Colleague: 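One structure coming up, written as C-alpha cells, with questions to follow.
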Amino acid sequence: MEPRIDRRRLLLGAGAAAAATATGLAAPAIAQNAPIRIGWLATLEGPFATGGQDGFRCMQMLLEQHNNQAGGRRIEVVRESSNAQADVALARARKLIEQDNVDFILGPLSGAEGIALRDYSRTLTGKTIINGSSGASDTTLRNPSPNFFRFNTDGVQWMAGLGNYVRRTLNVQEVAIVAGDYAFPYAQVFGFSMEFCRAGGRATYLWSPLGTTDYSSIIARIPRTAGALVVIHGGTDGLAFMTQYAQAGGSLPLIGGSIMADQSMLSARGPHRRLMLGMVSGGPIADVHDDPTWNEFVERYRRRWSNEGGFRSPSIHGFNFYTAQQAALLALEQVRGDLSGNQQAFQQALVRLEFKNAMGAQVKLDHNRQAISDIFLNRIEERGGQAATVTFGRTNAVNQTLGVPEAQFLQLGAPSRDNTGCVA
Amino acid sequence: MTGSLALTVVLNGLTLAALYFLVACGFSLIFGLMRTVNMAHGSLYLIGAYVGYAVFEPLYDQDVWWAWYAGIAAGVAAAAVFGVAMQAVLLGWMQGQELRQALVTIGISIIVADQLLAVFGGTSRQFFAPDAIFGSTELPIAGRYPTFRLFQIGVAVMVGLALWLLLARTRLGLMIRAGVDDRAMLTALGVNVPLVSLAVFALGAGLAGLGGVIGATAQPVAQGVDARFLLTSLVVVIVGGMGSIPGTAIGAILVGVAEQVGQALFPTYSVILTFAIMAAVLALRPQGILGRPA
C-alpha cells in the first residue's frame, strides 16, 4: 500500500521531530543553567494550617536573602500543601516528585506524615527528602532511609530536661498527660515520661485522635490527684483543648508540649492565653532567648512579615523549616549546585554538615541522618503586654536517645499509645 | 467510672446533642416538606460560622460586648439567604426529582467549600462567648461545668419549643404539615406551595447557620467541618426518622451521648458506636424511631 501522508500525520511527525530536537539540545544545558527545583510541602490546611504557613514564610525569607540562588544556580520552588494526614502528604509528595519533577522535597510538617515520606523516600533514586518540621521519633530512629535527612531535633529530644524539672524542681508527684493519638505526641510523651517516671513520678495518659474538637469528656477524666497537667496538643487541637479547659474552670499548673508553648498558640486570641502564663515547656526554640543569632533572626522575621500576617516571633514550625532549608542551601553551595550522579555528592555534603541554626545552637547529624542539637527549657511570661516563651535552661547536644545507649533505648520499644516510656 | 464522671459525660453528650439537634432539625424540616435530601446542609453550617466570624472578629477586637450576638445574627441571616437562593435558583424548578436535587446540592457543597477556602484560608477559627456565658457553673454531683455548654442546651430547647409552636399553632405550620402529607392537594386548595417552600428553606438554613455560630463557639470551625455535620445530620435524622422534629431530638440525643460515652471509654474507636446505632435502627426500624413508613 502506498503510504499516504495526511495533514494529521504530518503534524504528528513534525511535533515528534521538534520534541526530539528540543530534548536533545536541552539535555546538556540542564546540568549547568537549569534551575534547581525544590518542593515545599507543609500543612496549609487542617489542624496545623498556621504552622505550615509560618514554615513557608521562614523558608521564603531565607531564599530571598540568598537571591533565590545556591551554588551558582537559580532556585525554583513548587509549593504543596497537605492537612497533617499521612496519605495526603504522600500523595502531594508523589505529585511533587513525579509531576513537578522537583530535585528534593523540604517537608513535611506533621509526625505521621514524616514516617510516610521516609518510607516513600526509600523507593526513590536520585531524589532527596529533607524533613521540614515533623518530629516523630521513629522517622529516623527505626528503619531509617538513606535519602531522608532530618536537621531538626525530634519530639523525644524536645522534652530533654523537662521531666526531671517537673518532678525534682517543681516537686510534682503525679501528672495527667493529655495528648494526640499519633506519632508525634507518642514521641513527646515518651521523652517526658522517661525522665519523669525514672525520677519517681506517676502519670495518667488521656489520648484523643488528631482533629478531635470536643475535649469535654477528656477534661472530665483528669484525675483529681494530679498535681500538674501536661498538654501535648498543638494547632487547632491545642486551641480547642485549652479553650474548653478554660471553660471548664481548669486550674492545674500547666506543662506544655513543644508545639503547645509556641507562637502558633500564643498568637491565637482567646481565653486560653490567660491560663498559659507560667506554663513550662521544652523545645528547640523560645521567643525570648539571649543570643545574637536568634535576635537577628527574629528582627529579620518581624521586618519581613509583620505586615503580612506573620507572628510576633517565628513559630517552632517556621524555625524547623528554616533549619532544613539552611542545610539544603549550605550543601548546595558545597557541591556548587551539582545534583548529578543521583545526588550522591549532595547527600554526602548533607551528611557532613555542621552549622549553627537560628537559635545559635550547633547542628550535626548522627549515623541515622538525624540532628543532634541543643534543647531549651522555657517558661511563658508576659513580655511587653504579650505572652512569650522565655528560655531558662539549656541542654547541649541532645541526641535522639536522650543520652541512653542506643541499643538500650531501642529495647524500650517504639513510642506508642501503649508504650509511653514510663518505666521507673 | 465514678458518679460525677458518669454525670459529666452524660451532660457532655446532652450538650453535644443540643448542637446536633440545632443543625439536624433544619435538615429534617426541609426533607419533610420537600423530600429534598439537602447534601449542602453542612455548607450552610459553614457559611453561618464563617460569615458570623467575619462580623464577630473586628467587633471582638474592639471589645464590644455585643460582638458575639452580632455574629449570630449575621451567621443566621447569611445561611438563610443562601438557602433561599439555593431553593429559588436551583432546587425549586426540579421539585420532585430527588436524585437530581441530591446531586445538585453535592455540587453546591463542593463549590461552597472551595470558595470559603479561597476567602477565609485553611486556618481554623473559634468564637469566644461573651463573659456572661463563659466560664463554669457549679452543679450538684458533676461539679464545675462549662456554662456555655449549658447555654447550648437552653438554645436547643428554645428552638425545639419554637418549632413546635410554629408547626402546631400557626397558619404557616398548618400549611407545612399539610404539605408534608399531600403536596398536590395543598396546591389545589390555592396555597402558594413554592412560597411555603422558600419559607421552610429559609428556616432550615437559618437554623443550620445558628448551629454554625453556636458550634464554632464550643469547638473550632475549619474546612471539612461541613462534611462532618452533614454526616451527623444524616445519621441523626436516619435514627430519629426523616421529617419528624421530636424524632430528630431523640436521634440527636442518642448520637451525642453515644459519641461522648465512647470518647470517655474508648477514645480511639468512639466513632464506631455512632454507626452501630445507625445500623441497629436501620435493621430493626428502617423508617427511624419516630418516622412514618414510606
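All figures in this text were calculated on a predicted structure; none of them were measured in a lab.
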Colleague: Who in residues 304-311 of chain A is close to chain B, using a strict under-4.5 Å heavy-atom cut-off?
Modeller: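 Contacts with chain B: none.
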
Colleague: For B:Tyr60, which atoms come within 4.5 Å of any heavy atom of chain A: side chain, backbone, both, or neither?
Modeller: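 It is the side chain, since no backbone atom gets that close.
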
Colleague: Counting only heavy atoms closer than 4.5 Å, note whether B:Thr15 contacts chain A via side chain, backbone, both or neither.
Modeller: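 B:Thr15 has no heavy atom closer than 4.5 Å to chain A.
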
Colleague: Would you tell me whether B:Gln263 and A:Arg221 have side-chain atoms, one donor and one acceptor, within less than 3.5 Å of each other?
Modeller: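 No pair is found: no donor N or O on one side chain lies under 3.5 Å from an acceptor on the other.
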
Colleague: So if I take each residue of residues 236-245 of chain A and look for any heavy atom under 4.5 Å from a heavy atom in chain B, which residues do I end up with?
Modeller: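 Listed by number: A:Thr236, A:Leu239, A:Ala240, A:Thr243, A:Gln244.
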
Colleague: When heavy-atom pairs shorter than 4.5 Å are enumerated against chain B, which of A:Thr50, A:Thr213, A:Ile219 gives the highest number?
Modeller: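 The candidate making the most pairs under 4.5 Å is A:Thr213.
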
Colleague: Do you see a donor-acceptor pair shorter than 3.5 Å between the side chains of A:Asp54 and A:Tyr322?
Modeller: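 Result is no, nothing qualifies.
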
Colleague: Any side-chain donor paired with an acceptor under 3.5 Å for B:Gln260 and A:Ser217?
Modeller: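 Per modelled atom types, B:Gln260 and A:Ser217 side chains form a pair under 3.5 Å.
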
Colleague: Let me see the working for B:Trp68 and B:Phe128 under side chain to side chain contact (heavy atoms under 4.5 Å, CB included), right down to the final yes or no.
Modeller: CA-CA 7 Å; B:Trp68 189 72; B:Phe128 303 112; over 6 Å; no

Colleague: Using modelled atom types and a 3.5 Å cut-off, is there a donor and acceptor pairing between side-chain atoms of A:Asp262 and backbone atoms of A:Ile316?
Modeller: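 Yes; judged by distance alone, with no hydrogens or angles, the pair exists.
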
Colleague: Given that the side chain runs from C-beta out, which part of A:Thr212 has a heavy atom under 4.5 Å from chain B: side chain, backbone, both or neither?
Modeller: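 The answer is the side chain of A:Thr212.
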
Colleague: Tell me if the aromatic rings of B:Phe134 and B:Phe148 count as close, with their centers under 6.0 Å from one another.
Modeller: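 They do not qualify: ring centres at least 6.0 Å apart.
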
Colleague: Quick one: side chain to side chain donor-acceptor pair (under 3.5 Å) partners of A:Asp181, sequence neighbours excluded?
Modeller: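 Listed in chain order: A:Tyr186, A:Arg417, B:Thr268.
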
Colleague: Go through B:Gln126, B:Gln219, B:Glu259 and name the one with the most non-hydrogen pairs under 4.5 angstrom from chain A.
Modeller: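 The answer is B:Gln219.
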
Colleague: Within a reach of under 6.0 Å around CG of A:Asp87, are more than 12 heavy atoms found that belong to other residues, nucleotides or ligands?
Modeller: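 Yes, CG of A:Asp87 has more than 12 neighbouring heavy atoms, counting only those of other groups under 6.0 Å.
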
Colleague: Where the side chain of A:Asn419 meets the backbone of A:Gly413, is there a donor-acceptor pair that is under 3.5 Å apart?
Modeller: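 Pair found, side chain donor or acceptor close to backbone of A:Gly413.
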
Colleague: A:Glu382: what forms a salt bridge (Lys or Arg N to Asp or Glu O under 4.0 Å) with it, not counting sequence neighbours?
Modeller: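 None.
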
Colleague: Please rank B:Val225, B:Thr147, B:Asp61 by heavy-atom pairs under 4.5 Å with chain A and give me the top one.
Modeller: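 Greatest number of close heavy-atom pairs with chain A: B:Asp61.
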
Colleague: Sort B:Glu138 into side chain, backbone, both or neither according to what part of it lies under 4.5 angstrom from a heavy atom of chain A.
Modeller: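 Neither part, no heavy atoms under 4.5 Å.
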
Colleague: State, without any angle test, whether A:Ser134 and A:Glu113 hold a side-chain donor-acceptor pair at a distance under 3.5 Å.
Modeller: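 Absent: no donor and acceptor within the cut-off.
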
Colleague: With no hydrogens and no angle check, do the side chains of A:Ser193 and A:Tyr205 hold a donor and an acceptor under 3.5 Å apart?
Modeller: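 Result is yes, a qualifying pair exists.
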
Colleague: Go through the atoms of B:Leu16 and report whether side chain, backbone, both or neither lie under 4.5 Å from a heavy atom of chain A.
Modeller: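 When you check distances to chain A, only side chain atoms of B:Leu16 fall under 4.5 Å.
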
Colleague: Donor-acceptor pair, B:Ser136 side chain versus B:Arg144 backbone, under 3.5 Å?
Modeller: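 No; judged by distance alone, with no hydrogens or angles, the pair does not exist.
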
